[in-house]
J.: 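Below is the structure I would like to discuss, written out as structure tokens.
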2 protein chains.
Amino acid sequence: MGKPDTRARIQGAAAMLFRRYGYSATGLKRIATEADAPFGSIYHFFPGGKQQLAEQMIRTSGTEYGRLVLALLDSVPDPAESLVHAFEAAADDLAAADYADACPIGTVALEVASSNEGLRIATAEVFEEWVGAATEWFSRWVAEPKAAQSLAYSMIMMLEGAFMLSRAARDPEPLRVAGRSMAELLRTAIAGAGED
Amino acid sequence: MGKPDTRARIQGAAAMLFRRYGYSATGLKRIATEADAPFGSIYHFFPGGKQQLAEQMIRTSGTEYGRLVLALLDSVPDPAESLVHAFEAAADDLAAADYADACPIGTVALEVASSNEGLRIATAEVFEEWVGAATEWFSRWVAEPKAAQSLAYSMIMMLEGAFMLSRAARDPEPLRVAGRSMAELLRTAIAGAGED
DNA sequence: GTCTATAACATGATAGAC
DNA sequence: GTCTATCATGTTATAGAC
């Protein structure tokens, strides 16, 4: 098990830096340094330069992170407890990473929304992917499709907002509050399904 | 009513650009151009340069935006309806601004969280300020202080996350979903207060 | 106080030797 | 494929004329 090849190291370094510091603040030189790769290799493997590097990381890390979160939601049988548990895990991970590594695409998404159409679309498609997967998950307990989708949107929005507040305050508590609120929202949706 | 003085124009241009494009992507030269002010004036009025400009904008725009949101929440008597209405207004405003002007400090907050301690603290203090004000508002309908604070946190996190998804997708729907979820959360908190 | 010029440096990107 | 040197440009910041 030698170290990963140059291309993989560049991709990994780019993912780490874009996630922590965002798109504009991350220079290609720093990516090369962090990847322990010569500068020219970046353009050898990624002819599209910074934009291509960012787009691939958005799609790759985005898909991967979506799977990670969804997997976390199946670690406990009760769905409301699962939500609390998942946000709790996110809180612990964030604190352990010294509040650096939260959502891999959140920072970039806000940065590029009004300035880089290609990257904006990439982030939008990842979010859509997450909403779809989360909607399926919620549909196991909430029959009404629109209700399940609303819960999916809410979960992702709450997670992104909680990352923002937790990172700013260097405090895991917002993420925990978010988890409890999502659990409450799900319980209400389940209980309210029979009404009308 | 002449145009605002140089200092105010610089502050205004900085606030607009930081809000739309973030901290790193916004250059002082562009701020000067947009403010129709000579470059040197920036350092004349803001000797601390970019950092000072950003910190003042975080605190000023942050406080102002907090008041704006809170004021929006008092436009309708019923609190749950107020939440829906406030998020609806945010959705309309965002769409009208072509998805450029959302939360004035959200993008910067994520960007600087792991790279600029001074600005990170400024964003954290603004969020804390918002949570405090929102907790007071929720306390009018939810007696338990911890429950009111949780709702306050949830509202701000949901708003920030909704801005992210709405901007990425160029679609106001996430903000509307967020509003309905918050209304649901508040109704549950009010209804559940009598239990135990 | 207003404005211009420029220093000192970093950036994304490219060319071309090896 | 690997790596270095360099280009053109943009950055923050400063110096100094007016």
Side-chain angles (χ1 to χ4, degrees), chain A residues 2-58 107-108 111-120 122-123, chain B residues 2-58 107-108 111-112 114-120 122:
Chain A
K3 68 177 174 181
D5 63 8
T6 305
R7 190 197 160 88
R9 290 205 314 279
I10 291 172
Q11 234 169 351
M16 188 266 272
L17 292 168
F18 284 142
R19 179 183 201 168
R20 288 194 188 169
Y21 310 112
Y23 182 71
S24 300
T26 298
L28 294 185
K29 279 193 171 126
R30 186 154 176 211
I31 291 178
T33 304
E34 206 83 26
D36 199 21
F39 183 78
S41 296
I42 291 182
Y43 282 92
H44 177 72
F45 292 109
F46 305 90
K50 193 179 187 179
Q51 167 109 7
Q52 184 188 348
L53 215 41
E55 183 163 345
Q56 288 201 2
M57 109 78 179
I58 289 167
T107 306
V108 176
E111 271 186 286
V112 304
S114 300
S115 59
N116 188 319
E117 193 65 0
L119 297 185
R120 193 217 102 215
T123 62
Chain B
K3 69 177 173 181
D5 61 8
T6 304
R7 190 200 160 88
R9 289 204 315 278
I10 291 172
Q11 233 169 353
M16 188 265 272
L17 293 169
F18 284 142
R19 180 183 200 165
R20 288 193 189 171
Y21 310 112
Y23 183 72
S24 300
T26 299
L28 295 186
K29 267 182 180 142
R30 185 152 178 214
I31 292 178
T33 304
E34 205 83 25
D36 198 23
F39 184 78
S41 295
I42 291 182
Y43 283 91
H44 176 73
F45 292 110
F46 305 90
K50 195 180 187 180
Q51 167 107 9
Q52 184 189 348
L53 215 41
E55 183 163 343
Q56 287 200 2
M57 107 80 178
I58 289 167
T107 307
V108 176
E111 273 186 286
V112 303
S114 298
S115 59
N116 189 318
E117 193 65 359
L119 296 185
R120 193 217 101 219

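Chain letters run A, B, ... following the sequence lines, proteins first and then strands; every chain starts at 1. We use all heavy atoms of the structure for the numbers below, so side chains are in, but hydrogens, waters and symmetry mates are not.
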J.: For a quick test of reading the model: is some side-chain N or O of A:Tyr43 closer than 4.0 Å to OP1 or OP2 of C:dT14?
T.: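 For C:dT14, OP1/OP2 do not have a side-chain N/O of A:Tyr43 under 4.0 Å.
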J.: Tell me the closest heavy-atom pair linking B:Thr26 and B:Leu17, and the distance in Å.
T.: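 Smallest heavy-atom distance, with atoms named: OG1-O, 3.3 Å.
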J.: Looking at B:Ala54 and B:Phe18, what are the two nearest heavy atoms and their distance?
T.: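 Heavy atoms only, the tightest pair is CA-CE1, 3.8 Å.
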J.: From CD of B:Gln51 over to C1' of D:dT11, roughly how many Å is that when rounded to an integer?
T.: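 Whole-Å distance recorded here is 16 Å.
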J.: Check the distance between C:dG1's P and B:Ile42's CD1 and give it to me in whole angstrom.
T.: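 Distance, rounded to whole Å: 17 Å.
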J.: Using the rule given for side-chain contact (heavy atoms from CB on, under 4.5 Å), can you reason through A:Tyr43 versus A:Leu28, listing the C-alpha separation, both sets of side-chain angles and the distance that settles it, and then say yes or no?
T.: CA-CA 10 Å; A:Tyr43 282 92; A:Leu28 294 185; 3.2 Å; yes
J.: Please give, in whole Å, the distance from D:dT11 P to B:Ile31 CD1?
T.: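 My rounded result for the distance is 10 Å.
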J.: Hey, could you give me the CE/CE distance between A:Met16 and A:Met57, rounded to the nearest 0.5 Å?
T.: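 Answer rounded to 0.5 Å: 12.0 Å.
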J.: Output a table of nitrogen or oxygen pairs between the protein and nucleotides 3-11 of chain C separated by less than 3.5 Å.
T.:
none

J.: Which heavy atom of A:Gln11 sits nearest to which heavy atom of A:Phe46, and what is that distance?
T.: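 That would be CG-CZ, 4.0 Å.
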J.: By the 4.0 Å heavy-atom rule, please label B:Phe46 as base, sugar-phosphate, or nothing.
T.: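 The residue B:Phe46 makes no contact with any strand.
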J.: To the nearest Å, how far apart are A:Phe45 CZ and C:dA13 P?
T.: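 In whole Å, C:dA13 P lies 18 Å from A:Phe45 CZ.
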J.: Give me the one residue out of B:Glu111, B:Gln51, B:Glu55 that meets side-chain hydrogen bond (donor to acceptor under 3.5 Å, both in side chains) with B:Asn116.
T.: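 The residue from B:Glu111, B:Gln51, B:Glu55 that satisfies side-chain hydrogen bond (donor to acceptor under 3.5 Å, both in side chains) with B:Asn116 turns out to be B:Gln51.
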